[in-house]
Amino acid sequence: MNVLLQNIFEQPLELKKVLDDLKGPKLESVRQICSLMQTAGEIVLTSMGSAFYSLMPMYEALKAAGYTQVRLVETAELLQQPERMNKNALYILMSRSGESREVADFSVYLKKHQYCSVAITMTPDSTMGKNCTYMLHDIASYDAIVCIKAYSSMALCGLFLVSMLGRQEPQEELLKQLYEAFDWMEGQKEEIYTQIQQIPYFEKTDSFYMLSRGFGINMLRSGSLWVEETAKTMSNMMSIDNFYHGPMEIIRSHAIVRPVTTPVFLDVLSDERSKMIWEKVNAAVPDSVYIGKKGGNALGGVCLLYPDFGLPNAYTMLIIALYLQLFSYQCAVCKGIEPGTFFDEGWIVQ
């Protein structure tokens, strides 16, 4: 089995393992970090690449919980503009390796200037892990090349921290919903891949337009990254609402434009307007992909549906990630690309 597909398939059980660890051996560390988050003047979430996207669900969850003094910012921007640093902020860094150039350098800067920081990493002995004030170890097994399990498991660590704010013990109902979701993913992963293998558009597609709303757009940032990394295919993401204000001409004009663009709709926060726009997209280009909950307004050339586990919005990325990773994997296969082939690995930190 291709190593990327193996990493994707390992994800559900690895997420269960990480959740067991967070609510068990790591619970005291979680409580300590949550205490810092509650007293900080500002919470700054920062990283680069896939780990930056792993922070997005945490950011969404903090906003949903009413935390207004929170920023999500690329580490490179903080390094380039140190005058914008806040001495009263808590800096939460996330990185699989802890050695990516920007986060490693930034952790050294934070320690030198005595800023309070937290590292969420799979590599406790890394530069980032050693220099941050506090550290939360993600115990998921290491991915072979790029962030697959690391993306989801680090996101789970961030989400779990938010769920513990103002609490001493985990929420039993949330734990139940998460375990049910992970069990479903484990039982259905091969069936989901079979559904994605049947998508007939991959070979002829020159690019994808990934559409959603709200927290769904942040999820599609990861999906777009996986498509570009794995399948070497351009992918753009946008709110379905903004797409209707101009970029939809790419779809409307498909008969006179040579490149083939396939629209993908992650249907969250749906209403009559998003339904209307998506219907117009499908009327123009029937070769489309719809991803949404069962029982929703499913419409598309291919519809990929998942159950509603009752999870808060930010947590749904743990389920959707499996779809988008398999989507990018199969796109590569259909284009004759061995998934996991990288022509410039200088940015990959093992």
Side-chain angles (χ1 to χ4, degrees), residues 22 26-95 98 102-103 105-121 128-129 131-136 138 151 154-171 174 213-219 221-222 239 268-269 311-318:
L22 290 169
K26 295 290 192 312
L27 188 56
E28 192 52 45
S29 294
V30 167
R31 290 176 180 142
Q32 186 179 43
I33 295 168
C34 286
S35 178
L36 294 168
M37 292 171 67
Q38 288 177 278
T39 57
E42 182 185 26
I43 299 172
V44 179
L45 309 177
T46 185
S47 189
M48 299 296 294
S50 181
F52 182 70
Y53 300 139
S54 294
L55 282 166
M56 289 180 174
M58 184 181 186
Y59 176 79
E60 298 284 355
L62 282 166
K63 288 290 191 180
Y67 282 79
T68 58
Q69 298 301 309
V70 56
R71 279 194 294 152
L72 175 64
V73 57
E74 289 184 7
T75 313
E77 185 176 335
L78 294 172
L79 285 167
Q80 292 158 9
Q81 299 175 323
E83 68 277 5
R84 297 186 181 182
M85 298 279 288
N86 180 358
K87 198 69 178 181
N88 295 320
L90 174 66
Y91 291 86
I92 299 180
L93 287 65
M94 188 175 279
S95 172
E102 293 89 350
V103 294
D105 287 352
F106 189 56
S107 69
V108 173
Y109 177 91
L110 290 172
K111 183 175 182 179
K112 178 180 178 181
H113 294 277
Q114 299 182 318
Y115 287 88
C116 190
S117 60
V118 174
I120 301 175
T121 183
M128 186 185 81
N131 280 285
C132 285
T133 321
Y134 302 89
M135 193 269 298
L136 183 61
D138 173 0
Y151 166 80
M154 288 194 297
L156 177 59
C157 289
L159 287 167
F160 191 80
L161 285 171
V162 179
S163 76
M164 286 292 294
L165 290 170
R167 305 178 62 90
Q168 286 299 304
E169 299 297 330
Q171 303 173 44
L174 177 61
R213 279 176 160 175
F215 67 93
I217 300 173
N218 280 344
M219 179 70 251
R221 295 181 194 280
S222 299
S239 75
V268 300
L269 306 178
L311 287 163
N313 287 339
Y315 290 79
T316 59
M317 55 69 53
L318 300 169

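Note on Glu169 versus Arg31: salt bridge recorded, some NZ/NE/NH1/NH2 to OD/OE distance being below 4.0 Å.
Note that CD of Glu77 and CD of Glu102 are 12.5 Å apart. Values are rounded to the nearest 0.5 Å. Between the OG atom in Ser35 and the CE atom in Met164 there is a gap of 11.5 Å [rounded to 0.5 Å]. Put simply, CE on Met58 and CG on Asn218 are 14.5 Å apart, with the number rounded to the nearest 0.5 Å. Atom CD1 of Ile92 and atom CD1 of Ile33 lie 7.5 Å apart (nearest 0.5 Å). Distance check: Leu78 CG to Arg71 CZ gives 6.5 Å after rounding to the nearest 0.5 Å. Going from atom CZ of Phe52 over to atom OG1 of Thr46 covers 7.0 Å, rounded to the nearest 0.5 Å.
The number of heavy-atom neighbours closer than 6.0 Å to NZ of Lys87, taken from other residues, nucleotides and ligands shown, is above 12. The environment of CZ in Arg84 is sparse: at most 12 heavy-atom neighbours from other residues, nucleotides or ligands sit within 6.0 Å. Within 6.0 Å of CD in Gln114 there are 12 or fewer heavy atoms belonging to other residues, nucleotides or ligands.
The aromatic rings of Phe106 and Tyr109 sit parallel, their planes meeting at an angle under 30°, below the 60° perpendicular limit.
Counting only distance, with no hydrogens or angles, the side chain of Thr75 and the backbone of Val103 share no donor-acceptor pair below 3.5 Å. Checked by atom type and distance alone, the side chain of Asp138 pairs as donor or acceptor with a backbone atom of Met154 at under 3.5 Å. Of the possible polar contacts, none joining the Ser239 side chain to the Arg213 backbone as a donor-acceptor pair under 3.5 Å is found.
Between Tyr91 and the choices Val73, Thr133, Val118, Asn86, the side-chain contact (heavy atoms from CB on, under 4.5 Å) rule is met once, by Asn86.
Annotation: side chain of Pro57 is not in contact with side chain of Phe215 (no heavy-atom distance under 4.5 Å). Side chains of Leu311 and Leu318 form no contact here, defined as non-hydrogen atoms less than 4.5 Å apart. When side chains are defined from C-beta on, Met85 counts as touching Leu110, because their heavy atoms get closer than 4.5 Å.
Across all non-hydrogen atoms, the minimal contact from Leu165 to Met37 is CD2-CB, 3.9 Å. Considering every non-hydrogen atom in both Met317 and Ala155, the closest pair reads CE-CB, 3.8 Å. Contact record, Ile43 with Tyr67: CD1-CD2, 4.3 Å, taken as the closest heavy-atom pair. Contact between Cys132 and Leu93 at its shortest, heavy atoms only, is SG-CD2, 4.1 Å. For Ser163 against Tyr315, the heavy-atom pair with the smallest separation is CB-OH, 3.4 Å. Considering every non-hydrogen atom in both Ala119 and Met128, the closest pair reads CB-CE, 3.7 Å.
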